[in-house]
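Report on the structure given below.
Here, residue 1 is the first one in the sequence, and each next residue gets the next number.
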Amino acid sequence: MKANPDRFAGGCHAGDSSERRRLPATVGLTLACVILSSGRAWGQSTGPPTASAETTKERVERLTAAMAQAQAQIDANQRVLIELQKQLAELQKQMVPEGDPPETTATSPSAAAALADAVAASKTESKDEIRERLAIDESQIATHEQTKVETESKYPLKVSGMVLFNGFVNTRMVDVPASPAYVLPASGSTGFSMRQTVLGIDARGPHVFGAASQADVRVDFFASSAESNYTAAGLLRLRTAHARLRWRDTEAFVELDRTILAPNSPSSLVAVAQPELAWAGNLWAWNPQVGVSHDFGLSERSRIRTQVALIDAMDPQFPGVTSVTAAGSPTLAELSRWPGLEGRIAFLGGDNGLGPEIGFGGYYSPHRTDEDLRFDAWAGTVDLRLPVARHFEITGNAYRGQGLGGLGAGGYVDYVYPAYAWGEVANGLNDVGGWAQLKARATQRIEANAGFGIDNPFAGQIKTSAPPEGSTRYAGLARNRSFYSNVIYSPSTYLLLSLEYRKIWTNYALGPTYPGDVIGIGAGYRF
């Protein structure tokens, strides 16, 4: 008896009517029907011809009908899947707080039953996650409301700073007891200070000419008329200020900061008002500058940075002299009517400023004295930052030049009068110096630093300009050296603790060397 192919196709269709809601079984049965129908047709087409065999046309029509039925079943299953997805979305919308039963729908009870177990299993976990996320959001909103600072421009403004407590023990008299730079021939001092506390404001503004605009300012409470070379009478002192336009590889800036010739700075929590190694090889003095910087990419991890700027070098202050330049009076650089010029070119490797960096710089600034005597200030510099292995880093800076009092070198002196030509010639004081530091990071929370610096004005030039005995003219600071070692510990993100020892040797041109020991502690809270 010959089998009828239509019987298999019809059987598949009838089976689907009773299992319509069972998607995986229906799809499998449909595929089986297609295979069986195709196999039957193939067997009949390849078997030996008989008298009762159907024609080729009839077999093609039968196969076509079977394929049409299979396609119709697939379409129906697709509609069932879409309906299930809709019902799932409705169930998610109808979920209510814990303890209240979810609302049910009249449609697709089998789909709701299939989802019930999954919903019940994930209900508690989902609600816990939602509660936790809401708690975090509420905390962030409360913090935002507490720290929000409204500005007239409506652009973001951030207030930051560090409350800094210092304790100090000086075995000899120094220029600034809380943050010394050189030694004087007298007895020492012991005390506490919080005047090195720093406040800062950081602002972000609109995009201008395709560049992001930024600005910041830092102040402290170290102003004093006795240190007027880098402070002002009163209490609050402007430390640094910056305004920048930043493109991808270019930056235009105006700033009050250390010269671009000396981008690195020693690490210390004790010496903040006068940075570590000030007047001992560190060109730290803050001066007004305006300039531009551009990076040339060499590869994905290396680039060349070029910087050029105009600088208005401030006048230095002689040790022990309250004021050299009266308030509002022009500086020696301003009397020349020409701004100073500085430039630097550096190689940078690594990512995010964490790789090696070496730079070379130059500085030139004409000066004129009140007596209309002219001299030039100039310098050549080299700076280095070199990571060593994983936990160590070497940084430093060196210079050679003259008339560098305004940059924080030269023993507080820009120029001297030769003894043979008093009042007729002003010579820029020649100077050489620099510093180096080794940093060791034991962990992310603790680091140790050790460094040495020297500022060495030419003693021979000072001596030849020395006045006769009894003169009130400045005798000259011929050499100032300093060694320091400290440990900085951060038990939390915002708390800093430090212990530091420093040794200072100060040489005067017409006197002996005066050594002094400085022991300092620091405790800072950043905000």
TODO: State, with a plain yes or no, whether a side-chain heavy atom of L477 is found less than 4.5 Å away from one of V413.
DONE: no
Open item on the list: I'd like to know if the side chain of D431 and the backbone of G410 have a donor-acceptor N/O pair within less than 3.5 Å.
Closed with: yes
Task: side-chain contact (heavy atoms from CB on, under 4.5 Å) assessment of L499 paired with I521 - done: CA-CA 5 Å; L499 176 65; I521 60 173; 3.7 Å; yes
- [ ] Determine the interplanar angle of the Y412 and W279 rings, folded into 0 to 90°, and report it as parallel if under 30°, tilted if 30 to 60°, perpendicular if over 60°.
- [x] parallel
TODO: For the pair Y415 and Y417, name the ring-plane relationship: parallel under 30°, tilted 30 to 60°, perpendicular over 60°.
DONE: perpendicular
Task: More than 12 heavy atoms from other groups under 6.0 Å of CZ on F527 - done: yes
Task: Note, P515 side chain near R172 side chain (heavy atom, < 4.5 Å) - done: yes
- [ ] Would you check if the side chain of H367 reaches a backbone N or O of S365 as a donor-acceptor pair within less than 3.5 Å?
- [x] yes
TODO: Provide the full list of side-chain hydrogen bond (donor to acceptor under 3.5 Å, both in side chains) pairs with a residue in residues 247-257, sequence neighbours left out, each pair given once.
DONE: H242-D257, R246-E251, T250-H294
Open item on the list: Whether the side chain of R195 engages the backbone of A223 through a donor-acceptor N/O pair (distance < 3.5 Å, no angle test) should be reported.
Closed with: yes
- [ ] Check for a donor-acceptor pair, side chain of T190 on one end and backbone N or O of V169 on the other, with a separation under 3.5 Å.
- [x] no
Open item on the list: Which heavy atom of S490 sits nearest to which heavy atom of L496, and what is that distance?
Closed with: CB-CD2, 3.7 Å
- [ ] For N264 and L384, indicate whether the former's side chain and the latter's backbone hold a donor-acceptor pair under 3.5 Å.
- [x] yes
Open item on the list: Students often mix this up, so state it plainly: with edges at 30° and 60°, are the rings of F165 and F192 parallel, tilted or perpendicular?
Closed with: tilted
TODO: Please answer whether the main-chain N or O of V270 pairs with a side-chain N or O of Q196 as donor and acceptor at a distance below 3.5 Å.
DONE: yes
Open item on the list: If the threshold is 4.0 Å, N to carboxylate O, is there a salt bridge linking E357 and R344?
Closed with: yes
Task: Side chain proximity check, D312 to P339, heavy atoms < 4.5 angstrom - done: no
- [ ] Could you label the plane-to-plane angle of the Y508 and Y514 rings as parallel, tilted or perpendicular, counting under 30° as parallel and over 60° as perpendicular?
- [x] perpendicular
- [ ] Tell me, please, whether Y155 has R204 positioned over its six-membered ring: NZ or CZ under 6.0 Å from the ring centre and within 45 degrees of its axis?
- [x] no
Task: Close side-chain approach of L404 and Y363, heavy atoms under 4.5 Å - done: yes
Task: Check: P316 and D414 side chains under 4.5 Å, non-hydrogen atoms - done: yes
Open item on the list: Once rounded to the nearest 0.5 Å, what's the spacing between atom CG of N480 and atom OG1 of T506?
Closed with: 4.0 Å
Task: OG1 on T197 to CZ on F222, rounded to 0.5 Å - done: 11.0 Å
- [ ] Give the minimum heavy-atom separation between N170 and P180, together with the two atoms involved.
- [x] OD1-CG, 4.1 Å
Task: Flag side-chain contact, heavy atom, 4.5 Å: E342 against Q289 - done: yes
Task: Side-chain donor or acceptor of R258 paired with backbone N/O of P263 under 3.5 Å - done: no
Task: OH-OH distance between Y525 and Y494, expressed to the nearest 0.5 angstrom - done: 7.0 Å
- [ ] Could you please spell out the steps behind the side-chain contact (heavy atoms from CB on, under 4.5 Å) verdict for L495 and Y489?
- [x] CA-CA 8 Å; L495 183 62; Y489 173 57; over 6 Å; no
Task: Contact summary for S160 and R218, nearest pair of heavy atoms - done: OG-NH2, 4.1 Å
- [ ] Enter the distance from W505:CH2 to N507:CG here, rounded to the nearest 0.5 Å.
- [x] 11.0 Å
Task: E500 side chain to Y484 backbone, donor-acceptor under 3.5 Å - done: no
TODO: Spell out, as yes or no, whether a donor-acceptor pair under 3.5 Å connects the side chain of R237 to the backbone of A273.
DONE: yes
TODO: Using the side-chain contact (heavy atoms from CB on, under 4.5 Å) rule, take E276 and S267 through it: C-alpha gap first, then chi angles, then the decisive distance, then the call.
DONE: CA-CA 7 Å; E276 194 74 80; S267 302; over 6 Å; no
- [ ] Just do the side-chain contact (heavy atoms from CB on, under 4.5 Å) check on D216 and I201 with the steps written out, would you?
- [x] CA-CA 5 Å; D216 63 76; I201 298 176; over 6 Å; no
Task: Rounded distance (nearest 0.5 Å) linking atom CG of L335 with atom CG of L373 - done: 11.5 Å
Open item on the list: Side chains of D455 and Y399 only: does a donor on one sit below 3.5 Å from an acceptor on the other?
Closed with: yes
- [ ] Would you please test N449 and N486 for side chain to side chain donor-acceptor pair (under 3.5 Å) and show each step?
- [x] CA-CA 5 Å; N449 303 281; N486 61 46; 3.0 Å; yes
Open item on the list: Side chains of T331 and D315 only: does a donor on one sit below 3.5 Å from an acceptor on the other?
Closed with: no
TODO: Could you tell me whether the side chain of N427 reaches within less than 4.5 Å of the side chain of F375, counting heavy atoms only?
DONE: no
- [ ] With rounding to the nearest 0.5 Å, note down the distance linking CG in N397 to CH2 in W435.
- [x] 7.0 Å
TODO: Could you tell me which non-hydrogen atom of A278 sits nearest to which non-hydrogen atom of A181, and how far apart they are?
DONE: O-CB, 3.5 Å
TODO: Compare every heavy atom of V272 with every heavy atom of L164, then report the nearest pair and how far apart it is.
DONE: CD2-CG2, 3.6 Å
Task: Within-4.5 Å side-chain heavy-atom neighbours: R374 and P366 - done: no
Task: Under 3.5 Å donor-acceptor, S179 side chain and Q274 backbone - done: yes
- [ ] State, to 0.1 Å, how close I488 and S498 come at their nearest heavy-atom pair, and which atoms those are.
- [x] CG1-OG, 3.7 Å
